[in-house]
Protein chains: 2
Amino acid sequence: MESGRRFADTKSHPWVAVDVVIYTLEQRKLQTLLVQVKEGAFAGRWAFPGGLMGAEESVDEAAEREVLERTGVKDGYIEQLYTFGKPERDPATRAVSVSYLVLVPYPSVRLNPAPKYSDIRWFSAHRLPHSKLQYTNIVYSLLPREFTLGELQEVYETILNRPLDRRNFRKKILALGLLTQLKKKRRGTHRPASLYAFNEKRPMVIEML
Amino acid sequence: MESGRRFADTKSHPWVAVDVVIYTLEQRKLQTLLVQVKEGAFAGRWAFPGGLMGAEESVDEAAEREVLERTGVKDGYIEQLYTFGKPERDPATRAVSVSYLVLVPYPSVRLNPAPKYSDIRWFSAHRLPHSKLQYTNIVYSLLPREFTLGELQEVYETILNRPLDRRNFRKKILALGLLTQLKKKRRGTHRPASLYAFNEKRPMVIEML
DNA sequence: CCAAAAGTGTTGGTCTTACACCCATGC
DNA sequence: GCATGGGTGTAAGACCAACACTTTTGG
């Protein structure tokens, strides 16, 4: 039953790849980014963007690079999810894949397919693994820097997929002290709304809703 | 800015290793398992047990194998934590390491160092990343199959590092419906206590305490 | 009969939810 | 002046935390 060395001898020198699952919100719709593979056995298939880790970067950096290349976004929220590594039939092509969850604000995105992809598009997503979102403030990464409480509430309603009471929402979110009310107002079609900004764009574990 | 292919050419074919952080409870003390490295640049150092992934196993299986080899335990709780992958100075030795959190019941453990280790021992741990434990029932993996409510409460008190009210604890834990009261009693030094068992040994996300 | 752990309910405070009306602006 | 989203408080119920005495056994 001893191994380490035994398995080292039976060599396991896989490729290491990253896959990024990028979400955004557009028009109250949750969307996720897929790319269409151009060549190989999976030509024509839609898949999550991804690529091999470079020799001089960390796994996390490879994921950030992939996000930057596909969307142009540098400061989205990024979080490692899970590492998959099943053996393939052909050990020569064996790969271990590290997946990431990414949230980006829609207005910052400029989509950009790599040469290896024939297309890149947003697809509507039905929900996201929201156990995380309920306990953190990472929704800031789905919003522009300044936003109204109405917009923030919309984001939560979309993610949680249920309506929230406006008065309760405002009470709770303001009580957390994560927001600063700005002097400005958003002048739109109707009564102007106060603009707010997050005090800190740093993930914090706080039960929000 | 395009890569994928570029980085594939600059080759990245690291070793893939797993590291397991194994916790147990002995005498109300939280302990974690370390091994002493026998050879190489780190000879004499204590480290988490780990090893290279084999050519014919998944990453998860490699972690399970490592736990089985070091402790003899097959059915502990095991959960992937994080994948680390910083580039090294020497690209030839580059490794990506997938870490796992493991919980095992102390009485089932038979420690067994691999040839590559000169020693294997429990060290006292001050706390474990307990955000997880508070929301799940995975403590079952720290207990024998049958246990008293007092013993279960002890486990939670150790993990949370604070005393709990006996009446409130019993109310809450029984209300969750995860436990079955067995017919048997534990006859000890004093008044016999009812034995309980978990209905399902399957991780569930439930806020327990 | 004494020591030690097992077993059991109630109360006050806090937190959460539900709910309706007026306000400021654009058109 | 009307349509639209912005802004505000209170009351009822659910949930949580604190607390003490009786029971059963072994020695």
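Only heavy atoms go into these numbers, but all of them, side chains included; no hydrogens, no water, no symmetry mates. Letters A, B, ... are given to chains in the order of the sequence lines, protein chains preceding strands, and every chain is numbered from 1.
- Where A:Asn168 and A:His190 each meet DNA chain D at their nearest nucleotide, the meeting point lying more 5' is that of A:His190.
- Remark: A:Arg167 is not positioned above the aromatic ring of A:Phe169, lacking an NZ or CZ atom under 6.0 angstrom from the ring centre and at most 45 degrees off the axis.
- Between A:Gly150 and B:Lys171, the residue anchored closer to the 5' end of DNA chain D is A:Gly150, taking for each the nucleotide with the nearest heavy atom.
- Ionic pairing of B:Glu146 and B:Arg186 is not present here: no N-O contact between side-chain nitrogen and carboxylate oxygen is shorter than 4.0 angstrom.
- A salt bridge is absent between B:Glu157 and B:Arg162: the closest approach of a Lys/Arg side-chain nitrogen to an acidic carboxylate oxygen does not fall below 4.0 angstrom.
- Rounded to whole Å, atom C1' of C:dC23 lies 11 Å from atom NZ of A:Lys185.
- Remark: C1' of C:dA18 and CZ of A:Phe169 are 17 Å apart, rounded to the nearest angstrom.
- By the 4.0 Å N-to-carboxylate-O rule, A:Glu61 lies too far from A:Arg65 to be salt-bridged with it.
- Distance from the side chain of A:Lys172 is smallest to C:dT16 among C:dA20, C:dT16, C:dC19.
- For the atom pair CD of A:Glu69 and CD of A:Glu64, the computed distance is 12.0 Å after rounding to the nearest 0.5 Å.
- When rounded to the nearest whole Å, the span between CD of B:Glu151 and C1' of C:dA6 equals 12 Å.
- Atom P of nucleotide C:dA6 and atom OH of B:Tyr196 are separated by 11 Å, given to the nearest angstrom.
- At a cut-off of 3.5 angstrom, counting only N and O atoms as typed in the model, there is no donor on one side facing an acceptor on the other between the side-chain of B:Arg186 and the base of C:dA6.
- Atoms CD (B:Glu154) and C1' (C:dA5) sit 11 Å apart, rounded to a whole Å.
- The span of DNA chain D lying next to chain B, judged by atoms under 4.0 Å from heavy atoms, is bounded 5' to 3' by D:dA17 to D:dG26.
- Within 3.5 Å, no donor on the side chain of B:Arg191 pairs with an acceptor on the base of C:dA5, nor the reverse.
- Between B:Phe198 and B:Tyr140, the angle of the ring planes goes over 60°, which puts this pair in the perpendicular group of the 30/60° scheme.
- We find that CG of B:Leu152 is positioned 12 Å from P of C:dA6, with the value rounded to whole Å.
- A sub-4.0 Å separation between OP1 or OP2 of C:dT8 and a side-chain N or O of B:Arg166 is absent.
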